[in-house]
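Shown next, in structure tokens, is the structure this report addresses.
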Protein chains: 2
Amino acid sequence: MKKASLKDIAQQAGVSTALVSYVLNGKEKETRVGEAIAQKIRLIAKELNYQPNHLAKSLRSGKTYTIGLIIADISNPFFANIARVVEDEAKKNGYTVIIGSCDEHAEKSWDLLNVLINRQVDGFIIVSCEGSESQVHYLKERNIPFVLLDRHFPEIQTDFVATNNYKASYDAGIHLIRSGYSKIGIMAYKSNMYHMEERVRGYKHALRDNHIEFDDSWLKEVHFENMESEVRTAIDEVLASGQRVEAMIFATYGLAINALKYINELRLQVPSDLAIVSFGQAEVFDLYYCPITYVRQPLEMLGKTSVEFLLKKLKNPEEGMKQILMEAKLIARESSKAKTAITAPPTPHDHS
Amino acid sequence: MKKASLKDIAQQAGVSTALVSYVLNGKEKETRVGEAIAQKIRLIAKELNYQPNHLAKSLRSGKTYTIGLIIADISNPFFANIARVVEDEAKKNGYTVIIGSCDEHAEKSWDLLNVLINRQVDGFIIVSCEGSESQVHYLKERNIPFVLLDRHFPEIQTDFVATNNYKASYDAGIHLIRSGYSKIGIMAYKSNMYHMEERVRGYKHALRDNHIEFDDSWLKEVHFENMESEVRTAIDEVLASGQRVEAMIFATYGLAINALKYINELRLQVPSDLAIVSFGQAEVFDLYYCPITYVRQPLEMLGKTSVEFLLKKLKNPEEGMKQILMEAKLIARESSKAKTAITAPPTPHDHS
DNA sequence: ATAACTTGCTTAATCGTTTAAACTAAATAT
DNA sequence: ATATTTAGTTTAAACGATTAAGCAAGTTAT
């Protein structure tokens, strides 16, 4: 049982394919199709269970109603969730999303870009990874519509939807300071991506504004590829140093997870041995014995808005550039609980 | 700067599009294209940065090199990970994957199926949800290639790749019994899906084979839509009953997460107040203060094999039916630690 | 009575690719 | 000298849809 095409319907109805196309696209009025024939065509279409061939439609119209979503790291639940939001929102508007993860590799990102361009996606939503500036320029040159999501390049003029990372990190710092911590570290990726730099900058300014002198040993930068071992070393270092930190901000979910694993191994107690604030969000943060304070980014809004921007641009390519920074919200939990004056350290919980 | 087509190249080279097509598809030998012209065509193609139009190719060939992946619930990290595996494996073979989640709703699954059929996917990999039997029959009737993944319908003859859930659950039961527990409950979805029934059956047989009489109050069936509140009730019940359970098997990841949240609220201690074994796998299980014993399904293998089966079928539609059940592995951790004879309950850890 | 609409339909080009078949000119065979 | 091969290339149909333009009736206007 082959799939029915317009031609099949036309044959059965004894008319040309043009008529069938008109009727099935609801253009019978403008194109003056006879009422009787229209009825007949609709009936036959139903009988044959006609489903239009999207390929043919797209080839003709130049629109595929498909969006390419390139994500820097889909194993990060924050991105996984944002991908869902994008997908849902796109579906609501009749678009299909093709998702690809480049696992923080610019090269893989290039591949994805090309594959998706060949597949004629109408536009892109991209969570950029380090070193992908040339790809952004490429898209701009070819006039391929796209919106950067969550991460952007301040030196390249593009549409983007992102979080105010400076502010988020500043708030995290202030929160820890208000909770009585003063030796506060931060762990981030070794990267010159803007969103990462902003997180570090916000943290530093929070210290500065509270007259805490930043100590170089408090900033730990870790390579994404070698995260597990470098996180361990970093934790060892911040705890051993003369300027031993009491609290730590983790600039990403992955860093926090790896750190928590190690902290568990070391039988350290959160927050008494080390207070914690993390970026990202996930079930783990709730279920950890000491729920983790985290920066909640406006995930839904970020996803929805990126789709909205892109669709507007697809409808009207002349549309002006759109850029928006959204505010994150600090969700305070026990992992950053206010330090009580001077207490004997509680007995660590038995993990054996 | 418009995208270059075969025609553009042909014009520049002063030849017909046929020649260009032959050369760019490596058919120059069979079709006897002159060496000089071939060179010229390749050069121009490179200069124009020619990228073939996948739509046109697909329309002509009837193959899109696209697989539809329909997942029952993408928010479950097990499925999210399996989706990644499928995507990677497909990409290796030159296929693109379009993912959709039906969130355990058969209706949504129908929509997805139709959308993807219209998009001319070459075949499907499907994690079925309850009530989607008719969809499976539909695919069979239309001869649309597909492989069921993780869940299947024993009464419908199809290709499938799944876990031996009976065995996995049986092993989980045995493990708990060996660890000294005898009042063992199980929490599952209220569902007549085969994989769910098998998990309950395996558990019951483990009890039976060890002469433990199953108590009806030990089986808690929860509706997916109303999970949060029903899990709480269920936990309350199994703890309050005359036959108070000492251990609990959670048939899915979602159930376990919700239960753990509630157990934390109740300040209950795992495993002393309640030992736990769960299906599914995720970071949470590692990071929980008492690492959770879980059934590790062969995620990688499941995903890879499903792609392999489907691609074989796409290459040769006459290929026989393929069905495979893979074994899961129980990863024993502290949440199901052997019960020590008779001990005073340890002071619950301070969660405040 | 004839020009000018209206109605209801068909024709044919187009999107970008593939590929069987046809064609031409040169080379080889008889 | 003529028939047959071979090499190198073009033509044109096809995939399934859309849509501007054309055409043949019938209707209305003048």
Side-chain angles (χ1 to χ4, degrees), chain A residues 1-42 44-45 48-66 94 117-122, chain B residues 1-42 44-45 48-66 94 117-122:
Chain A
M1 200 196 305
K2 288 278 307 204
K3 284 197 62 178
S5 70
L6 279 194
K7 217 198 228 166
D8 299 323
I9 300 178
Q11 248 152 22
Q12 276 219 24
V15 298
S16 70
T17 62
L19 270 203
V20 181
S21 173
Y22 291 145
V23 171
L24 266 27
N25 287 295
K27 303 221 169 114
E28 3 170 354
K29 289 285 166 299
E30 306 100 286
T31 57
R32 306 166 309 205
V33 181
E35 185 51 38
I37 273 292
Q39 294 281 347
K40 190 173 177 187
I41 287 173
R42 269 190 291 265
I44 296 177
L48 296 184
N49 184 35
Y50 171 72
Q51 305 280 120
N53 183 321
H54 220 277
L55 293 175
K57 264 183 140 90
S58 297
L59 181 57
R60 181 79 223 279
S61 68
K63 318 208 127 293
T64 56
Y65 293 96
T66 303
I117 288 176
N118 290 2
R119 300 233 162 203
Q120 314 295 128
V121 299
D122 291 341
Chain B
M1 200 196 307
K2 288 277 307 201
K3 284 196 64 178
S5 70
L6 280 193
K7 217 195 226 169
D8 300 325
I9 300 178
Q11 248 151 23
Q12 277 220 23
V15 298
S16 70
T17 63
L19 272 202
V20 181
S21 174
Y22 291 144
V23 171
L24 263 28
N25 286 295
K27 302 223 170 108
E28 7 171 350
K29 288 287 167 300
E30 306 100 286
T31 57
R32 308 167 307 204
V33 180
E35 186 51 38
I37 273 292
Q39 295 282 348
K40 189 172 177 190
I41 287 173
R42 269 190 291 266
I44 296 178
L48 296 184
N49 184 36
Y50 171 73
Q51 305 280 121
N53 182 322
H54 221 277
L55 292 176
K57 264 185 140 87
S58 297
L59 181 58
R60 182 77 224 276
S61 68
K63 319 209 126 295
T64 56
Y65 293 95
T66 304
I117 288 177
N118 290 3
R119 300 231 162 204
Q120 316 296 123
V121 299
D122 291 342

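Throughout, protein chains are lettered first and strands after them, A, B, ... in sequence-line order, and every chain is numbered starting at 1. Just the heavy atoms: all of them, side chains too, but no hydrogens, waters or symmetry mates, feed the values below.
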What is the distance from CD of E28(B) to P of dT9(D), rounded to the nearest Å?
12 Å
If each of I37(A) and Q51(B) is mapped to the nucleotide of DNA chain C with the nearest heavy atom, which maps nearer the 5' terminus, i.e. the 5' end?
I37(A)
Using the side-chain heavy atoms of L59(B), tell me which of these nucleotides is nearest: dT19(C), dG16(C), dT9(D).
dG16(C)
Counting only side-chain nitrogens and oxygens, does K27(A) get under 4.0 Å of the OP1 or OP2 atom of dT19(D)?
yes
Less than 4.5 Å apart, any side-chain heavy atom of T66(B) and any of Q120(B)?
no
OP1 or OP2 of dT10(C) less than 4.0 angstrom from a side-chain nitrogen or oxygen of S16(A), does that happen here?
yes
One should read off an interatomic distance between R119(B) CZ and I117(B) CD1, to the nearest 0.5 angstrom, of 13.5 Å
Does N25(A) reach the main-chain N or O of K27(A) with its side chain, forming a donor-acceptor pair under 3.5 Å?
no
Rounding to a whole Å, what distance do you find between Q120(B):CD and dC15(D):C1'?
11 Å
Y50(B) side chain: which of dT17(C), dT10(C), dC15(D) is closest?
dT17(C)
Donor-acceptor under 3.5 Å (T31(A) side chain, V33(A) main chain)
no
Go through dT10(D), dT10(C), dG16(C) for me and flag the one nearest to the A18(A) side chain.
dT10(C)
Kindly indicate whether the side chain of Y22(B) and the base of dA20(C) share any N or O donor-acceptor pair separated by less than 3.5 Å?
yes
Over how many whole Å does the gap from L6(B) atom CG to dT9(D) atom C1' extend?
16 Å
If you check the R32(A) side chain, which of dT17(C), dT7(C), dT9(D) turns out closest?
dT7(C)
Testing K57(A), H54(A), K3(A), Q51(A) for side chain to side chain donor-acceptor pair (under 3.5 Å) with N118(B), which one passes?
Q51(A)
What does S58(B) touch in the nucleic acid at a heavy-atom separation under 4.0 angstrom: a base, only the sugar-phosphate, or nothing?
nothing
note: L19(B), atom CG; dA20(C), atom C1'; distance rounded to Å ~ 15 Å
Candidates dC15(C), dT11(C), dT17(C) - which lies nearest the side chain of P52(B)
dT17(C)
Report the distance from atom CD of E35(A) to atom P of dT7(C), rounded to the nearest whole Å.
14 Å
The side chain of V15(A) lies closest to which of these nucleotides: dT10(C), dG16(C), dA7(D)?
dT10(C)
Rounded to whole angstroms, how far apart are CG on D8(A) and P on dG16(D)?
8 Å
Rounded to whole Å, NZ of K7(B) lies from C1' of dT11(D) at a distance of 14 Å
Using a 4.0 Å heavy-atom cut-off across all strands, classify S21(A) as base, sugar-phosphate, or nothing.
base
Nearest listed nucleotide, side chain of K57(B), among dT9(D), dT17(C), dA17(D)
dT17(C)
Regarding L55(A), tell me which of base, sugar-phosphate or nothing describes its non-hydrogen contacts under 4.0 Å with the strands shown.
nothing
How about Y50(A) and L6(A): do any of their side-chain heavy atoms sit closer than 4.5 Å?
yes
Rounded to whole angstroms, how far apart are CD on Q11(A) and C1' on dT10(C)?
15 Å
